[in-house]
Structure formats: C-alpha cells, structure tokens
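Below is one structure, written out as structure tokens; the observations come after it.
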Amino acid sequence: MQIITAIEDMQALSSRLLSEKKNIGLVPTMGALHEGHLGLVRRSKDENDFTVVSIFVNPSQFGPNEDFNEYPRDTEGDLDKLSPCKVDAVFIPGADEMYPEGFSTSINIGNIGTILCGASRPGHFNGVATVVAKLFNIVMPGRAYFGQKDFQQTVVIGKLVRELDFGVDIVVCPTVRGPDGLAMSSRNGYLSDEERKAAPILYKALKFGEELIVSNGIVNAVLIKEEMRKLIHTEPLAAADYVEIVTLGRLEGVEKIELPVAICIAVKIGKTRLIDNIVVEKKQVEDVR
Ligand code: PAF
C-alpha cells in the first residue's frame with residue numbers, strides 16, 4: 001500500500017497507470033474510517049485495477065462554528081483498516097498541499113447546495129464540490145465511490161461531474177447500518193452512551209415514513225413529515241433539524257408523493273447533528289398491493 005502525500009507524486013502515479021490502460025477507482029474520505037467506507041473500498045477493489053483512498057479533513061466544507069477542530073483524526077488506525085483490504089494507494093495530503101497560501105478558487109454548485117443540509121450549513125457543498133474537483137484532477141479516477149447516507153452530497157457531486165465534464169462515473173453504495181439501524185458515520189463517535197441509545201430514532205422515523213407511503217398508501221407529504229417529526233420528538237434527546245420528502249434528481253420538495261422519492265432527515269441528538277435518508281421506490285408499493 002503506497003502512502004502518497006504530494007499532489008505531484010499522486011498525479012505522476014495516476015498518469016503512469018492511465019498510460020498502462022489501468023482503471024483507477026477513488027474512494028474520497030475524511031478518515032475516521034468505518035464499515036461504510038470499507039464497503040466503498042471493497043466495491044472499488046472489485047471494479048477497478050487500482051484503488052486509491054484519499055484521507056483529507058477538508059477545511060473548506062466546515063463552517064466557522066462547526067466541528068473542524070474536533071473532527072476525529074486517526075491516520076494510523078485508518079491505515080490499519082485499509083491494509084487488509086489491499087488498497088493500492090492512500091493519498092493523504094496536508095492542508096497546505098491542497099490549499100496553499102493565496103488559494104482562492106471555489107466551485108459554486110448553485111441552489112442545490114443551499115437546501116436541506118445546505119440551509120443549516122452555508123457553503124458546505126461548495127467546499128465539498130471544490131475539494132472533490134481537486135481530488136478528481138489529482139487522482140484522475142474513472143470511477144469514484146460515495147455512500148448513499150450523504151444523499152445530497154451524491155446529487156451535488158453528480159451535478160458537478162455532469163456540468164464540468166469530469167468524465168468520472170459516480171458509484172453510490174448503500175448505507176451501511178448497525179444492527180439497530182443507525183447509519184455508520186464518523187460523527188457517531190461524538191455520542192455519549194445515552195445519546196447512542198437514542199440515535200436509532202432516525203432510522204425508525206425513516207422506516208415509519210416509508211411504511212406510511214408503502215403500506216398505508218398515504219400520498220400527502222405534509223402529513224407524513226408531521227407524523228415523522230412527532231415520532232422523532234418522542235425521543236427526549238432528539239431535535240429534528242429537517243424532515244423532507246424530495247425528488248431524487250433535483251431534491252425538490254414534493255406535496256403529493258409520486259414515487260420514487262427520497263425521505264431525508266437531519267436530527268440533533270444532544271449536540272451531534274446526524275443525517276440519514278431512505279429512497280422509496282414504486283416497486284415497493286407494487287409488491288405490497
Ligand atoms: O463524505 C466525505 O467524507 C466528504 O464530504 C468528502 C466527499 C470526502 C469530501 O471532503
């Protein structure tokens with residue numbers, strides 16, 4: 001497993017691989033790796049000749065009052081997890097390497113970055129788009145792997161790739177969950193024992209929303225969202241930031257459910273803001289009826 005820290009070295013390696021007609025798969029991460037990330041790595045290993053995992057806690061996607069300083073960093077532990085997966089290279093640039101003094105370029109992804117999570121995290125998705133664009137130019141992958149848990153992020157990156165002609169296939173992999181339904185997230189580590197017990201309320205609320213659509217045939221999105229909020233607030237440690245039902249491509253809020261839709265939520269458990277989502281497909285309703 002090669003460890004690369006310089007952009008120049010990563011580009012030289014990728015250029016050589018491409019000249020040898022090798023496919024490169026990229027798994028971009030901010031480290032603190034968990035099973036969700038390792039699932040992306042395995043998929044990339046299956047589908048490409050060469051897999052690169054990037055580890056970079058990207059300052060430009062954190063707001064001034066967010067958890068950039070507290071975000072878990074455990075490079076040694078991450079490398080220990082990646083090594084048995086037979087990752088080919090790990091790209092771990094420093095902040096000065098990615099954003100040298102005077103750096104001022106930023107991608108503005110537009111309105112899609114200002115709704116849902118973007119409403120409470122202004123600038124977040126522009127920071128994500130900027131760093132992902134840089135990673136694509138540095139690693140030059142044919143495919144890049146992202147988890148469905150960050151549903152809005154996958155839509156933002158799809159738009160980035162289409163509109164700036166990156167020619168990278170975006171592969172979205174299913175959310176990996178614990179036995180109680182809690183989606184894997186590096187931020188789960190912030191939860192106290194009591195909060196950890198409360199956190200599966202996110203998945204319970206999503207499954208409840210899904211059931212209202214699929215089994216109860218409810219099409220009124222306002223009603224479903226209200227019922228989901230009520231369920232979330234039966235948990236004293238939980239406070240809903242948003243509960244939305246949106247179209248898959250543009251994330252437009254719907255009033256009447258026409259499948260497929262994504263139910264997307266952000267909930268604070270104590271001080272920790274967690275996100276999750278579920279996609280409800282037409283086929284699920286057809287199977288029930
Ligand atoms: O999902 C993440 O970990 C980050 O947003 C990403 C895609 C690595 C960009 O910093």
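None of the values given here were measured: they were computed from a predicted structure. Just so you know, ligand 1 is whichever comes first in the structure, and atom 1 is the first atom listed for that ligand.
- Atom 1 (O) of ligand 1 has as its closest protein heavy atom Q153 NE2, 2.8 Å.
- Figure legend: R73 and F68 shown as a cation-pi pair, the cationic atom lying under 6.0 angstrom from the six-membered ring centre and within 45 degrees of its axis.
- Ion pairing between a basic and an acidic side chain is recognised when a charged N comes within 4.0 Å of a carboxylate O; D180 and R196 show such pairing.
- Taking a cut-off of under 4.0 Å to the non-hydrogen atoms of P28, the atoms of ligand 1 that pass are 8 (C).
- For ligand 1, the atoms closer than 4.0 angstrom to any heavy atom of V131 are 9 (C), 10 (O).
- Look at K197 and E194 and you find no salt bridge, because none of the NZ, NE, NH1 or NH2 atoms lies under 4.0 Å from a carboxylate O.
- In T29, the part holding a heavy atom less than 4.0 Å from any atom of ligand 1 is the backbone.
- A salt bridge does not link K283 to E281: none of the charged side-chain nitrogens sits closer than 4.0 Å to a carboxylate oxygen.
- Taking every heavy atom of both residues into account, A89 and I4 meet most closely at CB-CD1, 4.2 Å.
- Comparing M30, K149, Q61, H37 against atom 10 (O) of ligand 1, the shortest heavy-atom distance belongs to Q61.
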